[in-house]
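Comments concern the structure below.
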Amino acid sequence: MRVLHYRGLDTRRVQKAFDKVRQALIREDFHSAQIKKLAPTPYWRARLDDSNRLLLQFVRHAGETVCLLLEVIPQHAYEKSRFLRGARIDPARIEADSQQDRIDVTPEPAAPTLRWLHPERSAFELLDKPIVFDDAQEAALQLPPPAVLVGPAGSGKTAVTLAKLRQASGRVLYVTLSAYLAQSARSLYDAHGYVNEDQAVEFLSLRECLETLQIPEGREVRFADFRGWFERHRQVLRGELKELDAHALFEEFRGVIGAAPRSALDLAAYQALGVRQSLIPQGPARAVVHGLYGRYSAWLKEAGLFDLNQIAHAWMPLAEPVYDFAVIDEVQDLTRAQLALILACLKHPDAFLLCGDTHQIVHPNFFSWAAVRALFWEGRDASPDTTQPVALLRANFRNTQAVTQLGNRLLKIKHARFGSVDRESSFLIECATREIGTVQLLDATSATLREIDARTRTSARHAVIVLRDEDKPAAKAQFHTPLVFSVHEAKGLEYPHVVLFDLVSSQRAAFAEIAEGISERGLNQDDLSFRRARDKADKSLELYKFYVNALYVALTRASESLILVESDPRHSLLDLLGLRPGQPLDLAASRSSVDEWAQEARKLEQQGKQEQADAIRATFLQAKPTPWKPWSEALIRELLPRALDPRDPSNKLRQTLFDYALWHGQHAWIEQLAETTRFAPALSLAPQGALGGIPLTRGFIERADQPVLRAIANQRERWLRPYAARNIKEVLADGDRYGVDHLTPTGGTPLMCAAQAGNLPLVDALLSRGASPEQADDFGHTPWLAALNVAIEDPGTARNALGSLFERLAPGALDVQVDHRLVRLERSQAEYWVLSVMLAGLKTLGMRVSPRPLPIQRYRRGFFADAILAVLETLPEALWPAARRKRTYINHVLARAELGANYRPSRQLWVRVQQGYYMPNPAMKLRASPQADSTTGWVDLDNAFNLAWVTTGSDAWPVIGLRHAIAAPGPAEQVVQCQRPDRPED
């Protein structure tokens, strides 16, 4: 058996025993290795010695079983295992199991599959799945910074960059243009509980990186905005500029005039650019374009828009050298101005890794590796010709052989027509997969279109790609799949089967110009030699770069098969690509399940593809309305006057208010029901004699008796019973009938209820069906915050599930706006956890009675170290290490991140309301959830957690004081304390 070991596996203390076990596994002598299954996890353990164990897993590769050696577990401490993540393992039970005659190590169905293995190397990297690097990837990993990593789509660039990032220490940064790519990279980096104690890592999109310095006002300008402006000003383009279109002018603005590292080019500097550095010829034409740039800048301010280049220029004085190392991924999507700002944030100018592929440039930025080199060496003694180390990744692990061959053919055409893009990109791709795959060219006849539509419209594995957004309506008229994308939208996506619709025919002239003068004989080279275009004044590469790169990006989205459907199937470019029409359609019909469509909608929503996600829901996930009326703020506001009116005879309204108040911990409404209406269930919770002159509020706190606790427990058991049960079929059936995120009677989604019940199998089932972890209830509680609120109220009940729920439901990071800048809290930071506990506990600070472990009066003063620690101690040690399980540590975290603290970086996350008691900073804002109605993308604390509604049903003074602080005029620095009111019960 092939046995691989995790690169981070530490065997120093058990090396001799480890070698012995490893050899036994290679021989498939499982009895000698004494392996046992750690049910219900996918892992096994082998016995190293009396007290130490080796964690391992079996996976597949090419039909064979491979053993992965993951972690040494000393002293049977399974609870500390990084991979088990707090799963309950009973060592005594494992040791007591009798040895089986035959041990079946067949990988489980959900076990990962290794797509490629090195013939000799046995070490593997572990992101979301095990990856064995090839020689080029391994060499890239060993490059010292500064370095450049160049590779095509599917070459494993991101895996190498993340492995390189793990080697860094100090404060490190991963930044790229796409917010989704940054989020995905974080998920890969954190997979299987990876933590590096020697570093503090941040994953940011370019926009978020700028926001850490200062959040710009308004909205980023989009091409659709620019095109409208361009049409109003195109009359000034005459003579040689008459044929200039909106895309070309946008590229000139973004990639040339506005892309200079320190500021936009003035007219003299713009005129001085060489012929290769601009789309516009020198002379009067550039003067016209430069004048238009001035109008463009003025229009941005008037329209409330901003350009990221101009923001990079303006923010440069704010940049401080704070990062010890940075990975800049998909660097070809950035301009020099944006790159210069990122590099200005490095403590050492050489501490970076650039990663990209110039063949995938579809953003207007006039990128070139030569310009990047010039930027790097600017102001240094060394020559710009001196280059930092460059690693080339030529292997493609994603696409089939047929798709890779077509991509190489296009690269040859590009090279023959325009010369080399640069030295770094002059190579062809090597296919590393065994799958042959298919590529077809079909004539876009009505019959062919109908047949393709019939075979793809119900499949989540087939996507249709067109060149530009304006081409999508024509595609949607022919194809009824929700998965219709423009090239810009498709960048970063991957589908097994892709249909390119009229991608060449929609721009016949441009693609004909690309094919002009190229013969079949000129495409016979086995590789691309570096060769510049002969005519330096030839702008054709820049003018037609979008078209050829867009075609390359589109076809490489297909991992298995590709179909080009063209109304002009005999176009010269298609002929050069070796594509011939007339083949019969080779495409099997496919139908995806509702669950698969739900998962696809969820994935696209995370990637920002809301149009396609909404189309999936409208087409395949239509749901019936629920037969019940869920609790909601609107419902309670409507019934509140009647429910509290003693003259109204309806006890049904009072019961609804009573249940809602008890469920959400708003006990003041229960007291009002008892006082004003003498409603029996409310009276049963009031202390004896309270109505005879003792204030109910004080009586509630002093008594803290069992009737209230029993009522809370009974209600929780009643409403959560279906979501706590082992049999989850009925809950899933409700999801099929009413939608996976339908509102239950309590006003939450099924995922919220499953999280509150701690039912992990149900949580997994709902997530697999596309349930949203971001959906929030009346009080801003997502499923994760709902589960965390349960842990605050009763830490004992959360101990078994909270860690596992965190892995499934918690956000990858918390984004907070403080003092007009983004503060990002990563999962590994203590502030992430402390702030999460505060946000989850805001609505129940006013509870009169709860099973909390400390006196209730303390909780009503605010958040304090002992209470926060009581929650965090329920987490597995892999999430909250032993070194943090001290009151002094929590106090240190509270002190360093409070408003006015001198600690750097200054986070200002909470305010001290009195000695030892804290509340979230009332001036902070949070990143708006997808369903929030926010024009800025941010929402203040009051609206995010509906604090006005909290204090309607509660008189907890910290929340009231917090709301008053939010409403108070003046800067955040003036809101230092929420004064404690003079109340005897507090």
Side-chain angles (χ1 to χ4, degrees), residues 3-12 68-70 114-176 185 188-189 191-192 194-199 201 203 323-332 342-343 346-357 369 372-373 376-377 382 386-397 422-427 429-430 432:
V3 176
L4 310 178
H5 68 272
Y6 174 47
R7 195 186 293 269
L9 179 61
D10 184 3
T11 61
R12 287 172 295 179
L68 306 180
L69 309 182
L70 298 170
L114 302 178
R115 298 192 67 177
W116 184 86
L117 278 183
H118 193 278
E120 299 175 356
R121 191 174 298 116
S122 61
F124 66 89
E125 296 289 336
L126 187 63
L127 297 175
D128 61 329
K129 57 181 178 286
I131 301 172
V132 179
F133 285 162
D134 66 11
D135 292 337
Q137 292 169 327
E138 189 68 27
L141 185 62
Q142 306 307 322
L143 278 181
V148 172
L149 179 60
V150 180
S155 62
K157 295 191 302 295
T158 298
V160 175
T161 57
L162 294 181
K164 189 71 174 177
L165 196 66
R166 287 178 171 181
Q167 295 178 350
S169 58
R171 188 176 176 186
V172 299
L173 171 69
Y174 173 99
V175 63
T176 187
L188 294 174
Y189 187 87
H192 300 285
Y194 176 81
V195 175
N196 185 342
E197 298 291 347
D198 296 327
Q199 65 177 211
V201 61
F203 291 86
Y323 294 108
D324 296 281
F325 182 73
V327 165
I328 305 171
D329 203 358
E330 302 294 354
V331 68
Q332 76 278 354
I342 297 170
L343 295 178
L346 294 175
K347 294 179 180 178
H348 191 282
D350 292 355
F352 65 83
L353 170 67
L354 305 182
C355 177
D357 177 15
W369 286 113
V372 170
R373 287 194 297 271
F376 175 71
W377 292 107
T386 306
T387 59
Q388 53 266 45
V390 176
L392 301 180
L393 303 182
R394 304 177 59 140
N396 182 331
F397 297 88
D422 45 54
R423 294 182 184 275
E424 291 82 356
S425 303
S426 298
F427 62 91
I429 313 306
E430 299 171 356

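Basis for what follows: all heavy atoms, side chains included, without hydrogens, waters or symmetry-related copies.
- Taking R115 as the reference, nothing meets the salt bridge (Lys or Arg N to Asp or Glu O under 4.0 Å) condition, with sequence neighbours excluded.
- Between F203 and L188, every side-chain heavy-atom pair lies at or beyond the 4.5 Å cut-off.
- Shown here are the salt bridge (Lys or Arg N to Asp or Glu O under 4.0 Å) partners of D324, two or more places apart in sequence or in another chain: K347.
- Rounding to the nearest 0.5 Å gives a distance of 12.0 Å between CG of L117 and CD1 of I131.
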Trace of the side-chain contact (heavy atoms from CB on, under 4.5 Å) decision for E125 with L162: CA-CA 10 Å; E125 296 289 336; L162 294 181; over 6 Å; no

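- Considering all non-hydrogen atoms of both residues, N196 and A168 come closest at ND2-O, 3.8 Å.
- Note that CD1 of I328 and OG1 of T161 are 11.5 Å apart. Values are rounded to the nearest 0.5 Å.
- In this structure, the separation between OG1 on T158 and CG on L165 is 11.5 Å, given to the nearest 0.5 Å.
- The structure places CG of L70 at 10.0 Å from CG of L4, a figure rounded to the nearest 0.5 Å.
- When side chains are defined from C-beta on, L69 does not count as touching Y6, because their heavy atoms never get closer than 4.5 Å.
- Classification of the F397-W116 ring pair by plane angle, with boundaries at 30° and 60°, yields perpendicular.
- Side-chain contact check for L353 versus F325: some heavy-atom pair is nearer than 4.5 Å.
- In this structure, CG in L393 is found 5.0 Å from OG in S155, a value given to the nearest 0.5 Å.
- Q137 meets the side-chain hydrogen bond (donor to acceptor under 3.5 Å, both in side chains) test with no other residue; sequence neighbours excluded.
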Chi angles and distances behind the salt bridge (Lys or Arg N to Asp or Glu O under 4.0 Å) call for R121, D135: CA-CA 9 Å; R121 191 174 298 116; D135 292 337; 2.9 Å; yes

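- Remark: side-chain polar atoms of D10 are paired, donor with acceptor, to backbone N or O of R12 under 3.5 angstrom.
- At least one side-chain heavy atom of D350 sits under 4.5 Å from a side-chain heavy atom of P146.
- Residues A136 and L392 share a closest heavy-atom pair of CB-O, 3.8 Å.
- The salt bridge (Lys or Arg N to Asp or Glu O under 4.0 Å) pairs that include a residue from residues 138-167 are R7-E138, where partners are two or more places apart or lie in different chains.
- Proximity of P145 to F352: side-chain heavy atoms (C-beta onward) are nowhere separated by under 4.5 Å.
- Separating the OH atom in Y323 from the CG atom in L173 is a distance of 5.0 Å, to the nearest 0.5 Å.
- Of all the heavy atoms in N396 and A153, the pair that sits closest is ND2-O, 3.4 Å.
- Under the salt bridge (Lys or Arg N to Asp or Glu O under 4.0 Å) criterion, D128 pairs with no residue at all, not counting sequence neighbours.
- Considering every non-hydrogen atom in both D329 and C355, the closest pair reads OD1-SG, 3.3 Å.
- Annotation for F133 and A159: closest pair CZ-O, 3.9 Å, computed over non-hydrogen atoms.
- Residues passing the salt bridge (Lys or Arg N to Asp or Glu O under 4.0 Å) test with R171 are E202, sequence neighbours excluded.
- Judged purely by atom type and a 3.5 angstrom limit, E330 has no side-chain atom pairing as donor or acceptor with the backbone of T176.
- Shown here for L127 and A191, the closest heavy-atom pair between the two residues is O-CB, 3.1 Å.
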